[in-house]
Amino acid sequence: MSKKNTGSYYTPAYLASFISKRVLSHFGKRTRMSILEPSVGDGAFISELEKEKNININLTALDINKVELKTASDKWSRKTASFVKTDFLEFSTNKQFSAVVGNPPYVKKNILTSKQIELSKEIHSKEVLTEASVKNIWTTFLVKANTLLAKNGVLAFVLPSELLQVKFAEEIREYLKAQFERIEIFTFNDLMFECKGQDTIVLFAYKKSESKGEYFANITSKESLEKEEFILRNNQLLVSSKVKWTHHFLTSEELTFIDSLKKELKTVNDYTDSKPGIVTAANKYFIIDKETENKYGLSKYTKPIIQKGLYVNGSVVFNEDDIKKLEENNRPTRLLQLNDNDKISKKLREYLKLGELEEIPNRYKCKIRNNWYVIPNISERPDAFFFKRSHLYPKLLKNNSDAFVTDSAYKIKMRNGYDLNSFIYSFYNTLTLLLSELDGRYYGGGVLELIPSEFKKLPIPYVEINQIQFEKFTTDFENKSNIEQILNQNDFNILNSTLGIKNENIQKLTEIRNKLKKKRLREYANA
């Protein structure tokens, strides 16, 4: 999909065709229908609906962009249509539609106009939804589209996979379950269509249906979609609980099995106090390499820092040698830490001028500081850090250096009575890593992320180990070919020896984790 200025992406013809045909087939032999498309874009859906000659379609098509509206209207040859240049949020009608179809724009709240934000809040409020659900314009399109449907209407939208997994969409998921008798979600193996690196899904929601419930299908290829070679599976567990809809990928039996194991366990929050790392508001400016430090004579104002998880691959301990290696590779490792009472040297003034030229003082987080260049909340260095984003597996490291860390990680401090080495060792087991996959969220490209609340509630089967055991674990971790080698060792010591989980059940956990990881990383041909 190519990006539009309004935050939308064009819908591929094969997808528009699949959606249009599925919506029309729901109405069987009906000969007259009214269809609304709230953001027509280049008219992909209109092209497909135009091909349907057996149904008299009364079309209402909207778009905020006059040029695109004209392009779309040229694709419609019948008289039964009205093309209206308007923002869907402002659209008003007494009509109720048989179907609302389309690919709503994806625009974050902070980019919307104040008028759009107010309209969104009003639309959500009328449906008894909180302001917290107004995070992106697609949620408002979804809510408003529902209010314009007839009693037996159908809603069909291309949406970001945020709907399935993020916290703010939980309220929208519950709303959909209350408003529609049947919901179908289609997920995809490949980024067959993409929005800002965001995975996309297709939602069909039916006001009335003989087969009620939530149904899910994973599409493995464009061909399987076109030939309708997929199975829609019902997941009863999702009907009765507020779990993320990404969990549909597992069976109810698998979810129950995981739940039975985790409910006995304490969580990260029981063992540690975790807080986000340092927010600089401009990492490229405030985190510098040695060359810049020397050029502007800044060494007395800097401290070592790890900017991102990418720089700490392959170990469970980060030490002074690791900082030196990063410096040798010209990585930015020095945090510019200035205080309000610092005397500004001539060289430092030069560097601050560079920041002013880049308009860094105008950034929101810099603007609210006493002095824009003084970063607040730099406390003591962390004992350990957990990087909130990861690729093959989450990273939790002991900090044996003087380094601080940015907000790409959470700082870890152990609570009284618990040992850091034991906590890190205990973290690396199949059950905890599986739950990271299940309770986190992922983005296009397969990046796994755990927000603070998700990290804090992660269950840990905590096992006490001694210093010698930790040193052996550290060596094994550094010498591993892959994380599975470590899990094989630790699972026996943690899950089997301590929790009494039988080998066949550990194997079952391994298979579930691999299934989730492959789904996220798109490593397979068949779901």
Side-chain angles (χ1 to χ4, degrees), residues 18-19 22-23 26-27 35-39 88-89 96-107 109 120-188 195 198-219 232-250 252 255 441:
F18 168 72
I19 293 168
R22 193 165 186 83
V23 167
H26 173 73
F27 294 97
I35 295 180
L36 168 68
E37 191 182 350
S39 54
F88 180 49
L89 304 190
Q96 292 208 298
F97 297 90
S98 315
V100 183
V101 300
N103 182 356
Y106 310 150
V107 185
K109 182 181 175 181
S120 293
K121 286 178 182 175
E122 198 178 301
I123 290 161
H124 285 239
S125 176
K126 278 182 183 169
E127 290 298 287
V128 201
L129 292 163
T130 66
E131 280 189 18
S133 59
V134 182
K135 280 283 200 304
N136 195 303
I137 203 170
W138 68 259
T139 61
T140 309
F141 266 63
L142 196 56
V143 172
K144 181 159 183 172
N146 170 53
T147 66
L148 297 175
L149 279 173
K151 285 180 183 175
N152 63 342
V154 180
L155 175 69
F157 271 176
V158 178
L159 294 170
S161 63
E162 283 179 345
L163 171 67
L164 307 186
Q165 49 183 346
V166 299
K167 184 73 180 168
F168 81 77
E170 184 181 291
E171 197 178 352
I172 301 294
R173 296 195 291 270
E174 293 302 306
Y175 173 73
L176 288 172
K177 286 200 293 189
Q179 294 289 322
F180 294 92
E181 289 188 351
R182 178 183 173 93
I183 291 166
E184 296 171 355
I185 303 279
F186 288 80
T187 58
F188 299 84
C195 166
Q198 167 71 267
D199 250 354
T200 20
I201 60 147
V202 175
L203 164 77
F204 293 91
Y206 304 85
K207 282 288 187 185
K208 301 284 179 202
S209 177
E210 289 177 15
S211 306
K212 298 172 176 57
E214 282 78 52
Y215 293 80
F216 298 86
N218 188 67
I219 306 301
L232 274 162
R233 290 189 174 89
N234 180 226
N235 196 322
Q236 290 301 323
L237 225 142
L238 299 178
V239 181
S240 58
S241 69
K242 290 187 176 182
V243 297
K244 293 181 179 186
W245 284 0
T246 36
H247 294 195
H248 77 84
F249 202 59
L250 302 183
S252 296
L255 285 168
R441 71 278 312 280

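Throughout, numbering of the chain's residues begins at 1 and tracks the sequence.
Taking 4.5 Å as the limit, some side-chain heavy atom of S120 sits within range of a side-chain heavy atom of L89. Proximity of L142 to Y175: side-chain heavy atoms (C-beta onward) are nowhere separated by under 4.5 Å. Side-chain contact check for T200 versus N103: every heavy-atom pair is 4.5 Å or farther apart. Counting only heavy atoms from C-beta outward, the side chains of T147 and K126 never approach each other to under 4.5 Å. In this structure, F157 and I19 have side chains that are not in contact, with every pair of non-hydrogen atoms separated by 4.5 Å or more. Residues I123 and V134 are not in side-chain contact: their nearest non-hydrogen atoms beyond the backbone lie 4.5 Å or more apart. Counting heavy atoms from C-beta on, the side chains of V202 and E184 never come closer than 4.5 Å. In this structure, E214 and I185 have side chains that are not in contact, with every pair of non-hydrogen atoms separated by 4.5 Å or more.
Between Q179 atom CD and K177 atom NZ the span is 13.5 Å, to the nearest 0.5 Å. Taking CD1 of I172 as the start and CD of E127 as the end, the distance is 10.0 Å to the nearest 0.5 Å. Interatomic distance, Y206 OH to L155 CG, rounded to the nearest 0.5 Å: 10.5 Å. Summarising the geometry, atom CD belonging to E181 is positioned 5.0 Å from atom NZ belonging to K208; distances are rounded to the nearest 0.5 Å. The CG atom of N136 lies 11.5 Å from the CG atom of L163; values are rounded to the nearest 0.5 Å.
Remark: E131 CD is loosely packed, at most 12 non-hydrogen atoms of other residues, nucleotides or ligands lying under 6.0 Å away.
Residues W138 and P160 come closest through the heavy atom pair NE1-CG, 3.2 Å. Contact between L232 and R22 at its shortest, heavy atoms only, is CD1-NH2, 3.1 Å. Of all non-hydrogen atoms in H124 and T139, the two that sit nearest each other are CE1-OG1, 3.5 Å. Of all non-hydrogen atoms in E171 and V128, the two that sit nearest each other are OE2-O, 4.3 Å. Between S98 and L149, the closest heavy-atom pair is O-CD2, 4.0 Å. Here the closest non-hydrogen pair linking P38 and V101 is CD-O, 3.3 Å.
At distances below 3.5 Å, at least one donor-acceptor pair connects side-chain atoms of K144 with backbone N or O atoms of F88. K207 contributes no side-chain N or O that, together with a main-chain N or O of A150, makes up a donor-acceptor pair within less than 3.5 Å.
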Q: Mind running side-chain contact (heavy atoms from CB on, under 4.5 Å) on F141 and L159 for me, showing each step along the way?
A: CA-CA 10 Å; F141 266 63; L159 294 170; over 6 Å; no
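Between F186 and F204, the angle of the ring planes goes over 60°, which puts this pair in the perpendicular group of the 30/60° scheme.
Just one of V23, I35, V100 meets the side chain to side chain contact (heavy atoms under 4.5 Å, CB included) condition when paired with V154; it is V23.
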